[in-house]
2 protein chains.
Amino acid sequence: MNLELDFRSGIPIYLQVVDRIKEMIADGRIRPGDQLPTVRALATELRVNFNTVARAYRILDEAGIISTQQGRGTYILEMPPPETSEAMRRTTFEALTDRYLADAVRLGLPPEEILAFIRQQLNSKKQGVE
Amino acid sequence: MNLELDFRSGIPIYLQVVDRIKEMIADGRIRPGDQLPTVRALATELRVNFNTVARAYRILDEAGIISTQQGRGTYILEMPPPETSEAMRRTTFEALTDRYLADAVRLGLPPEEILAFIRQQLNSKKQGVE
DNA sequence: AGTACAATGATACAATTATACAATCGTACA
DNA sequence: TGTACGATTGTATAATTGTATCATTGTACT
């Protein structure tokens, strides 16, 4: 991986790891689909605890840059910044909805019930009540 | 089999497989007596280890929904257990809906728009070609 | 000193994979 | 028939991977 850290900089290790990996993606040293080292492997290489690496990976995961999967490993995502346009989102949403409605109808649910349940779920979500 | 997984959802693969198969039974896409794909075949299709599929099958087996037999294969049982098909359909429908809404919200759609589009689609279906 | 908080480490855990195994089926051949 | 053997099926167990939780350390601020 060849990833250099500065233990004396005062910048937290996990943030340094996040930045180094972002750089490597930006300049193409690692690419979408590539597997990153396991948290333990990279931790050993960097002489840190693997939880520190895990923390960096989690941040990158939440940023949508990588995908970490328990038991499998972590991978660079295809779309680094999935900034989809409004039109794209709309199209995706409509396809998603049609597929969902087809499934629901196939289950034999009457349209009123489908609508009712969705309304209920959306309301409870809005109020944060479960 | 046409069974979609989300590796980034955080929901374990084996549970996703369990749910997808329950859905297919509930809505009739697969029926009592049908043979499910072998653990290896389905695993290859899903790009997953076959033990992960085996785990899902074992759960369905213990729930009395399918029957897995070493050396023979796995089959949908005649009676979709005591959990009557009505309750099962309802459960399946609600899980399906929650999954759909999570996707839609993640796309950034406001609840009103989700509801509006669904209402529109249901109406056009009612009046459209049947 | 004492306290609070962030960073890191230690430990136990859960999901997935790798490998070896056992049961069944299918086919060939005696 | 029947039996031997390879292919195919599910099973069992351990190794590998990320996750969750709490303990420890260090630093800043009273």
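Predicted model only: the values in this text are computed from it and were never measured. First the proteins, then the strands, lettered A, B, ... as listed; each starts at 1.
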Tell me which nucleotide among D:dG10, C:dA10, C:dT16 gets nearest to the side chain of B:Thr68.
D:dG10
Does B:Asn49 have a side-chain nitrogen or oxygen under 4.0 Å from the phosphate oxygens OP1 or OP2 of C:dT16?
no
N/O donor-acceptor pair under 3.5 Å between A:Asn123 side chain and A:Gln120 backbone:
no
By nearest atom, which of the nucleotides D:dT19, C:dA18, C:dA23 is closest to the B:Gln70 side chain?
C:dA23
Has B:Thr52 got a side-chain N or O lying under 4.0 Å from the OP1 or OP2 atom of C:dA15?
no
Selection from C:dA15, C:dT24, C:dA10 that lies nearest to any side-chain heavy atom of B:Pro12
C:dA15
From D:dG10, C:dT17, C:dT11, pick the nucleotide closest to the side chain of A:Phe50?
C:dT11
Across the strands shown, which category fits A:Arg40 at heavy-atom distances under 4.0 angstrom: base, sugar-phosphate, nothing?
base
Using the side chain to side chain contact (heavy atoms under 4.5 Å, CB included) definition, which of the options A:Leu42, A:Val18, A:Thr52 pairs with A:Tyr57?
A:Leu42
Is any side-chain N or O of A:Arg72 closer than 4.0 Å to OP1 or OP2 of C:dT17?
yes
Proximity to the side chain of B:Tyr14 - top-ranked nucleotide from C:dA7, D:dG10, C:dA15:
C:dA15
A cation-pi test, strictly: NZ or CZ of A:Arg90 under 6.0 Å from the centre of the six-membered ring of B:Phe117 and no more than 45 degrees from its axis. Yes or no?
yes
Min side-chain heavy-atom separation B:Ile65-B:Leu77 under 4.5 Å:
no
